[in-house]
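First comes the structure, then the notes that go with it.
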Amino acid sequence: PLTYAGVTLARAGVWGVPEARVAQALQSNPHSPRLRSQLAITAAQQGDLDGALAHVDMAARGVAAPPRRTLALWRLTVACVANKPLADGSAIDDALAPGSTRILVSEMIAFEAITERLESAACSWPDVPPMLKLGHAMLSTSTQPRSAHYVWRTRYLVARLVALSGDLAQAATVAEQAWDDSDWNAGVGVLVFQLNASLGDIAACRRVLDRLKATAGAGDRRAWAAIAKFETFVRDADSAAAQSQPPAPMPAPAAAGNARQRLGVGPGFE
């Protein structure tokens, strides 16, 4: 018992100090993709793009190095987080290079991080068009079923990028496909409603709202809070139509985020 107590105390001492924990992990596995990706993001958050890229390069040198597209997405992510463009476009070229037939969780997370930062204008590089091209490439080359979590969630992110590019009608179509593939995930349904509301398609909003009410989990408070706001929006639209006074259309946004602001709800993804 004394030996175990001593070992536990020593381990707790290491784990209780983040710097010591990281140093020990680097010593035992210096090329760990998971550790290097975390360190890369930390460096990027501090504005150290070169340091972040060095961590990605270390992950690439390991025996279990991530695929080429994964590494490229990591480089794009740290550049976006640091809000500094890469010196060349090789990362985008690498991300678009053929060879990947599966969307990995690390790739989807990186793609999501960039999408969210582009939506909030937290980074100005990479631009929307190349990321949209990459998203379409990830979907078109995937051999996974469309119902696979990483596939429909990537499609959901592509819909947000399409909205960000200004094509709300196409974004609604892509989001609807993601919603169907996800077996009616409430968060994706929220985006579908927001896009149709921005387009002024009240009939579509009503249809989406009915589906949301039928499929949202009883304990999903965020979904039901959004549903309550959507019901008010549709009711107001119906009231205006009954009085032969068309409701003022929601402003045509450059992204679905403007619709979310008007409706008072967030992206809603769960």
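Computed from a predicted model, the values in this text were never measured in an experiment.
- Interatomic distance, Leu104 CG to Arg69 CZ, rounded to the nearest 0.5 Å: 7.0 Å.
- The salt bridge (charged side-chain N to carboxylate O under 4.0 Å, His left out) test with Arg146 singles out one residue from Asp181, Asp180, Asp183, and that residue is Asp181.
- The two residues Gly135 and Phe111 come nearest to each other via the heavy atoms CA-CZ, 3.5 Å.
- For the pair Leu134 and Ile92, the minimum side-chain heavy-atom distance is 4.5 Å or more.
- Side chain of Ser142 to main chain of Met138: no donor-acceptor pair is present (N/O by atom type, distance under 3.5 Å, no hydrogens or angles).
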Criterion side-chain hydrogen bond (donor to acceptor under 3.5 Å, both in side chains) on Asp167 and Ser165, from CA distance to verdict
CA-CA 6 Å; Asp167 191 346; Ser165 73; 6.0 Å; no

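- When the shell of 6.0 Å around CZ of Arg102 is examined, it contains 12 or fewer heavy atoms from other residues, nucleotides or ligands.
- A donor-acceptor pair is defined here as one N or O able to donate and one able to accept, closer than 3.5 Å; such a pair exists between the side chain of His31 and the backbone of Met58.
- Using bins of under 30°, 30° to 60° and over 60° for the plane-to-plane angle, the ring pair Phe193/Phe230 lands in the parallel bin.
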CA sep, side-chain torsions, deciding dist, call: Lys133, Asp127, salt bridge (Lys or Arg N to Asp or Glu O under 4.0 Å):
CA-CA 11 Å; Lys133 184 177 180 180; Asp127 201 0; over 6 Å; no

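- In this structure a side-chain-to-backbone donor-acceptor pair under 3.5 Å is missing from Ser239 to Arg235.
- Distance alone, capped at 3.5 Å, places no donor-acceptor pair between the Trp184 side chain and the Ala216 backbone.
- Panel note: side chain Ser182, backbone Trp179; a donor-acceptor pair is recorded below 3.5 Å.
- Counting only heavy atoms from C-beta outward, the side chains of Tyr156 and Asn185 never approach each other to under 4.5 Å.
- Checked by atom type and distance alone, the side chain of Thr143 pairs as donor or acceptor with a backbone atom of Thr101 at under 3.5 Å.
- Of the possible polar contacts, one joining the Gln144 side chain to the Ile103 backbone as a donor-acceptor pair under 3.5 Å is found.
- Heavy atoms only, all atoms of each residue included: Lys84 and Gly47 are closest at NZ-O, 2.6 Å.
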